[in-house]
Amino acid sequence: MAVLDVRRGSVVRAAGGVAGALLLVAAVTGCGGDKKAAAAAAPSVLDGFSKPESVLVAGDKWFVSNIGATQEPMTKDGDGFLTRLDANGKVIERKAIPRAGDPPLNAPKGMAFADNKVFVADIDRVVGYDVDTLGQVFEAPLGGDAASLLDDIAVLDDKTLLVTDTVRGSVYKLDLETKKYGTLTTAIPGANGIVLDKSSKTAYVAALGAYFEGGNLYKLGVEQAPAAVGKVGTVHGILDGIALLPNGDLAVSDWVASDNPAPGVIKIYHTDGTEVTTVKLPGELHGPADFTLDGAGKNLLVPAIADDKVAIVALP
């Protein structure tokens, strides 16, 4: 099995149970999806994915990012892909992106939808695809010599994305016109899933810790750099996905354990960190990663990395 050794920026082999093989990367998350589709899909569990890390709703289309055959979050092996589904969760095309002739994806994770494009984080770059043709139309490499792990994306505005970097503990602003990254903060160890509350211009980041030992829930302003960063209550865990619910609460996923088999959980919090409730999941889901809301705002679409499944889960 493979687990990420963030101290060396590499993947190492380790012995242990199923959860020891889990890939501890995130990633939104709320994903910045366009909520045009109004129908709520029926709760169910979808099979047939390859280490699914993120789900995105883009109008009447869903996309699932697949890291690939092996749980290698920082390996440029070229076997990653995006699956396209309809708004009821039916797989339309398992390997929809990249198209033939486009450069490969390596370990795609968090996604966002803006300017009719699907943007996806892929280790050390953000790649964009036309939502209709599915062809690649954008690429922005992060650059720098240090190891990086771009994980999740949220849409700030039509020209700007927010991108987390788990290994560097950072949140960036990506200018879609210049393809340049500006640093908002480097003070979030294990920065993972991200979601933006546009009404308050506040981003919330779920973190898992510098060495994936457990992290906190953070909030930061997005208008100035460096951003003012603060913890949200006492929320703590191996946090991954995060979504902003219609009532203003936050849903956050927690892997619970990184070195022993353990089912993950999703909890709902007020934005001050007060716990509201725990979402009832369909059986055990290992490695609940970057989930999002369906088009109707009634269900969570939850990728379970270790199980190769995506669960459609009704909100309480």
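Side-chain atoms of Pro52 and Asp308, non-hydrogen and from C-beta on, do get closer than 4.5 Å to each other. Counting heavy atoms from C-beta on, the side chains of Trp255 and Val265 never come closer than 4.5 Å. Proximity of Asn66 to Leu82: side-chain heavy atoms (C-beta onward) are nowhere separated by under 4.5 Å. Contact annotation: the side chain of Leu244 approaches that of Leu250 to within less than 4.5 Å [non-hydrogen atoms, C-beta and beyond]. Side-chain contact between Val205 and Ile242: absent, with no pair of heavy atoms (C-beta onward) separated by less than 4.5 Å. The closest side-chain heavy-atom distance from Asp307 to Leu285 is below 4.5 Å. Side-chain contact between Val120 and Ile97 is absent, with no heavy atoms from C-beta onward closer than 4.5 Å. With a 4.5 Å cut-off on side-chain heavy atoms, Glu72 and Met74 do not count as touching.
The distance from the OG1 atom of Thr75 to the CD1 atom of Ile67 is 10.5 Å, given to the nearest 0.5 Å. The distance from the OG atom of Ser44 to the CD1 atom of Ile312 is 3.5 Å, given to the nearest 0.5 Å. Atom OH of Tyr218 and atom CD1 of Ile194 lie 13.5 Å apart (nearest 0.5 Å). Taken to the nearest 0.5 Å, the CZ atom of Phe63 stands 6.5 Å off from the NZ atom of Lys61. Considering OG1 of Thr292 and CG of Asn299, their distance stands at 11.5 Å, rounded to 0.5 Å. One finds the CD atom of Gln136 at 11.0 Å from the OG1 atom of Thr133 (value rounded to the nearest 0.5 Å).
Using a 4.0 Å cut-off between a side-chain N of Lys or Arg and a carboxylate O of Asp or Glu, Asp157 and Lys198 do not qualify as a salt bridge. Ionic pairing of Arg99 and Asp102 is not present here: no N-O contact between side-chain nitrogen and carboxylate oxygen is shorter than 4.0 angstrom. Between Lys267 and Asp254, no side-chain nitrogen of the basic residue sits less than 4.0 Å from a carboxylate oxygen of the acidic one, so the salt-bridge criterion is not met.
The environment of NZ in Lys173 is crowded: more than 12 heavy-atom neighbours from other residues, nucleotides or ligands sit within 6.0 Å. Atom NZ of Lys309 sits in a sparse spot, with 12 or fewer heavy atoms from other residues, nucleotides or ligands closer than 6.0 Å. The environment of CG in Asp158 is sparse: at most 12 heavy-atom neighbours from other residues, nucleotides or ligands sit within 6.0 Å. Within 6.0 Å of the NZ atom in Lys201, the count of heavy atoms belonging to other residues, nucleotides or ligands does not exceed 12.
A cation-pi arrangement is absent between Lys219 and Tyr204 under the rule of less than 6.0 angstrom and at most 45 degrees off the ring axis.
At distances below 3.5 Å, at least one donor-acceptor pair connects side-chain atoms of His236 with backbone N or O atoms of Gly215. Between the side chain of Arg84 and the backbone N or O of Val64 there is no donor-acceptor pair closer than 3.5 Å. The closest donor-acceptor contact from the side chain of Thr186 to the backbone of Ser170 lies at 3.5 Å or more, if one exists at all. For the pair Asp79 (side chain) and Gly68 (backbone), a donor-acceptor distance under 3.5 Å is absent. Between the side chain of Thr183 and the main chain of Thr185, no donor-acceptor pair closer than 3.5 Å is present.
Cluster membership check: Val313 shares its hydrophobic cluster with Leu245, using side-chain heavy-atom separations under 4.5 Å among Ile, Leu, Val, Met, Phe, Trp and Tyr. Clustering ILVMFWY residues whenever any of their side-chain heavy atoms sit less than 4.5 angstrom apart, transitively, puts Leu301 in the very cluster that holds Val91. The cluster map of Ile, Leu, Val, Met, Phe, Trp and Tyr, joined by side-chain heavy atoms under 4.5 Å apart, puts Val279 and Leu293 in the same cluster. Tyr172 is connected to Val155 through a chain of hydrophobic side-chain contacts under 4.5 Å among Ile, Leu, Val, Met, Phe, Trp and Tyr, so both are in one cluster. Linking Ile, Leu, Val, Met, Phe, Trp and Tyr whenever their side-chain heavy atoms come within less than 4.5 Å puts Val276 and Leu315 in one cluster.
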Discussion item. Could you walk me through whether Asp77 and Thr70 satisfy the side chain to side chain contact (heavy atoms under 4.5 Å, CB included) test, starting with their C-alpha distance in whole Å, then the side-chain angles of each, then the deciding distance to 0.1 Å, before giving a yes or no?
Written reply: CA-CA 10 Å; Asp77 51 16; Thr70 59; 4.1 Å; yes
Item to complete: Apply side chain to side chain contact (heavy atoms under 4.5 Å, CB included) to Lys76 and Asp124, showing your working.
Response: CA-CA 10 Å; Lys76 295 183 178 182; Asp124 57 1; 2.6 Å; yes
Fill in: Steps toward ring-ring contact (aromatic ring centres under 6.0 Å, His included) verdict (Phe119, Phe138)
CA-CA 8 Å; Phe119 294 95; Phe138 179 90; 5.3 Å; yes
Item to complete: List the steps and the verdict of side chain to side chain contact (heavy atoms under 4.5 Å, CB included) for Leu105 and Arg125.
Response: CA-CA 10 Å; Leu105 283 168; Arg125 61 182 182 145; 3.9 Å; yes
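Between the side chains of Ser50 and Arg94, at least one donor N or O sits under 3.5 Å from an acceptor N or O. With hydrogens and angles left out, the side-chain atoms of Asp197 and Ser199 include a donor and acceptor closer than 3.5 Å. Counted by atom type alone, Asp175 and Thr160 present zero donor-acceptor pairs between their side chains at under 3.5 Å. Counted by atom type alone, Trp62 and Asp86 present zero donor-acceptor pairs between their side chains at under 3.5 Å. Side-chain contact of Asp132 with Asn116: a donor-acceptor pair under 3.5 Å is present, judged by distance alone.
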